[in-house]
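Some notes on the structure that comes next.
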Amino acid sequence: MRLFPILFTAGYLGFVAYAGRTGQHSVGVAAVALLGGGVLAPVVARLLTWMVGVRWESWPGFMSVWHTAPVVWLVLVEEAGKAVAVLAAYVGLQPQYHSGLDGALFGLGVGAGYALAGQVVSLLEGLPALGVPLHVLGAGLAQAMLPALYGALLGFGREWKLWGQLRWAIGAAGWGAGVAASLAFLHLVRASQVPGPWQVPAAALVLLWEWAPVGLLALVHVWARRRERALLLRFLREEVAADVVTEEEFLALLVDDRGLPRPLRQALVRLASAKWRVVRGLGREDEVEAWRDRVRRLRRAG
């Protein structure tokens, strides 16, 4: 039973990375999850708790410590740690971070990595698993919800080329909304543990919140597939006319790409993405030429 949350969250993280294949940054999602969510976010949270004089006995955000710190400080510090990890991905992975979809994927990675690391630490420290099995399985996964919001807002700011101060203002507003939502969730958790007429509704809302990231990932997956198809339709049709992409390859991408070699398919998707970045003023034409050359080389080798 103690391993179920770890295995479930690890599987969830794998699906997040798989959803990132549209932009071909699955490795980036995994790195952000493990380094940003699993290392940077908790380190920042610990540092902030030390600065404000709050003591946590164990991992930030898990039930064993939710009664050991002032509510507002706990929420502010924890969400600040995750927001810093999302921001680090935004600054450090600019070649892969161009849209709201990219940001949502990196944010989900940060949250899932944070939850996974916390579950591992809880297991090593021998902390008891609380609640019914359905709760235990999803415990900690709710950490993925709010970083996805922060990441998506930063990505939309870059995608829409918003004025710099406005972009950061929107990000700050998203963080404020996240803090408020996290605070509400924390009060729901506490209400679900106190006998009374509110206990059952509060417990149901806690479960709904914890499992909401599964539905969110499904939406992101659909979003990624629709975006990929739109990019291919818009930008690769031109490459067919220019004899860079064959008609057979173009139709295969849109209908059934199982006959295409995986490296060639990835190169075609990256070519469409590179052309989109040029149109949006986020990339350079030489990147497009580089992917055209790669498509030609793969076809000759293939």
Side-chain angles (χ1 to χ4, degrees), residues 3-17 19-20 28-50 54 56-66 69 73-90 92-93 103-125 127 129-130 135-154 171 174-175 178-179 181-183 185-186 189 206 209-214 216-217 220:
L3 290 176
F4 284 171
I6 296 175
L7 296 176
F8 184 81
T9 305
Y12 180 86
L13 181 55
F15 279 110
V16 173
V29 170
V32 166
L34 298 178
L35 297 178
V39 178
L40 179 59
V43 167
V44 170
R46 289 287 191 176
L47 178 61
L48 290 175
T49 57
W50 174 77
V54 172
W56 279 338
E57 296 175 359
S58 184
W59 192 262
F62 280 69
M63 278 195 171
S64 62
V65 300
W66 278 348
W73 278 121
L74 188 152
V75 170
L76 286 171
V77 167
E78 182 168 69
E79 294 309 318
K82 290 183 284 186
V84 167
V86 171
L87 183 61
Y90 176 80
L93 295 174
L105 287 166
F106 285 126
L108 285 175
V110 165
Y114 186 87
L116 182 63
Q119 290 161 354
V120 171
V121 171
S122 297
L123 177 65
L124 295 177
E125 293 183 353
L127 299 176
L130 301 178
H135 165 76
V136 172
L137 187 62
L141 193 59
Q143 302 287 353
M145 288 293 292
L146 299 177
L149 170 64
Y150 311 149
L153 288 174
L154 288 173
W175 180 74
V179 168
S182 185
L183 186 62
F185 177 69
L186 185 55
V189 171
V206 167
W209 181 271
E210 287 183 336
W211 285 87
V214 176
L216 179 60
L217 179 57
V220 168

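Everything quoted here is computed from the prediction, not taken from an experiment.
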Minimum heavy-atom separation for [X] to [Y], with atom names?
| X | Y | value |
| --- | --- | --- |
| Ala33 | Leu13 | CB-CD1, 3.4 Å |
| Ala144 | Pro213 | CB-CB, 4.2 Å |
| Gly107 | Val86 | CA-CG2, 4.3 Å |
| Leu216 | Leu108 | CD2-CD2, 3.7 Å |
| Gly37 | Ala85 | N-CB, 4.4 Å |
| Ile6 | Leu116 | O-CD1, 3.6 Å |

When you compare the side chain of Phe8 with that of Val214, does any pair of heavy atoms fall below 4.5 Å? yes
Are side-chain heavy atoms of Leu40 and Tyr114 found at a separation under 4.5 Å? no
Atom pair [atom1]/[atom2] of [X] and [Y] - distance to nearest 0.5 Å:
| X | Y | atom1 | atom2 | answer |
| --- | --- | --- | --- | --- |
| Tyr90 | Leu154 | OH | CG | 6.0 Å |
| Gln143 | Glu79 | CD | CD | 7.0 Å |
| Trp175 | Leu87 | CH2 | CG | 12.5 Å |
| Gln119 | Leu141 | CD | CG | 8.0 Å |

Output all residues satisfying ring-ring contact (aromatic ring centres under 6.0 Å, His included) with Tyr12, sequence neighbours left out; order by chain, then residue number. none
Quick one: side chain to side chain contact (heavy atoms under 4.5 Å, CB included) partners of Leu153, sequence neighbours excluded? Leu149, Ile170
Pick from Val44, Leu47, Leu48: which one makes a side-chain contact (heavy atoms from CB on, under 4.5 Å) with Val77? Leu48
